[in-house]
Trainee: 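Please find one structure pasted underneath; my questions will follow.
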Amino acid sequence: MLKRMIWVGIGIAVGVIAVRKLTKAAESVTPGGVAERVGGAGAEMKESFKAFWADVSEAKQAKEAELFDAIERGEDIQPLLNEDEDDDAAQPGRLF
């Protein structure tokens, strides 16, 4: 009798775990579940774009400061403008 009770308990536990996993899987394919996943991916993409834009803005400000300093000192800024083109040519595999 005790063995049967143990097996019934194990069967109930396995059944509960299976039902929970199936419910979670079913919720993930509903419109609400899909929207939640897409919304999460969109939020991650938004944060990545913000970080990228902050890096670009920082680099732009540094380059502008370098150019303004050269202009104030009366130096020729052409080498500063051309150094980016030299860097691009040095990178193999770059098409543009």
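For the numbers below, each heavy atom of this structure counts, side chains included, while hydrogens, waters and symmetry mates do not. Values in this document were obtained by computation on a predicted structure and should not be read as measured data.
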Trainee: Quick one: do Val14 and Leu22 end up in the same hydrophobic cluster if we chain Ile, Leu, Val, Met, Phe, Trp and Tyr together by side-chain heavy atoms under 4.5 Å apart?
Mentor: no
Trainee: Verify the cluster assignment for Met1 and Ile6: are they in a single hydrophobic cluster under the rule of side-chain heavy atoms below 4.5 Å apart?
Mentor: no
Trainee: Do Gln78 and Leu81 touch side chain to side chain, with heavy atoms closer than 4.5 Å?
Mentor: yes
Trainee: How far does CH2 of Trp53 sit from NZ of Lys60, to the nearest 0.5 angstrom?
Mentor: 7.5 Å
Trainee: Measure the CD-CG distance between Glu75 and Leu67 for me, rounded to the nearest 0.5 Å.
Mentor: 11.0 Å
Trainee: Step through the shown structure and confirm whether more than 12 heavy atoms of other residues, nucleotides or ligands are within 6.0 Å of CZ on Arg4.
Mentor: no
Trainee: Has Glu64 got more than 12 heavy atoms of other residues, nucleotides or ligands less than 6.0 Å from its CD?
Mentor: yes
Trainee: Over 60° means perpendicular and under 30° means parallel, so tell me whether Phe52 and Phe49 are parallel, tilted or perpendicular.
Mentor: tilted
Trainee: Got Glu47 and Lys50 here, is their nearest side-chain heavy-atom distance under 4.5 Å?
Mentor: yes
Trainee: Looking only at heavy atoms, which two atoms of Leu80 and Glu66 are closest? And how far apart?
Mentor: CD2-OE2, 3.1 Å
Trainee: To the nearest 0.5 Å, tell me how far Ile17 CD1 sits from Ile12 CD1.
Mentor: 12.0 Å
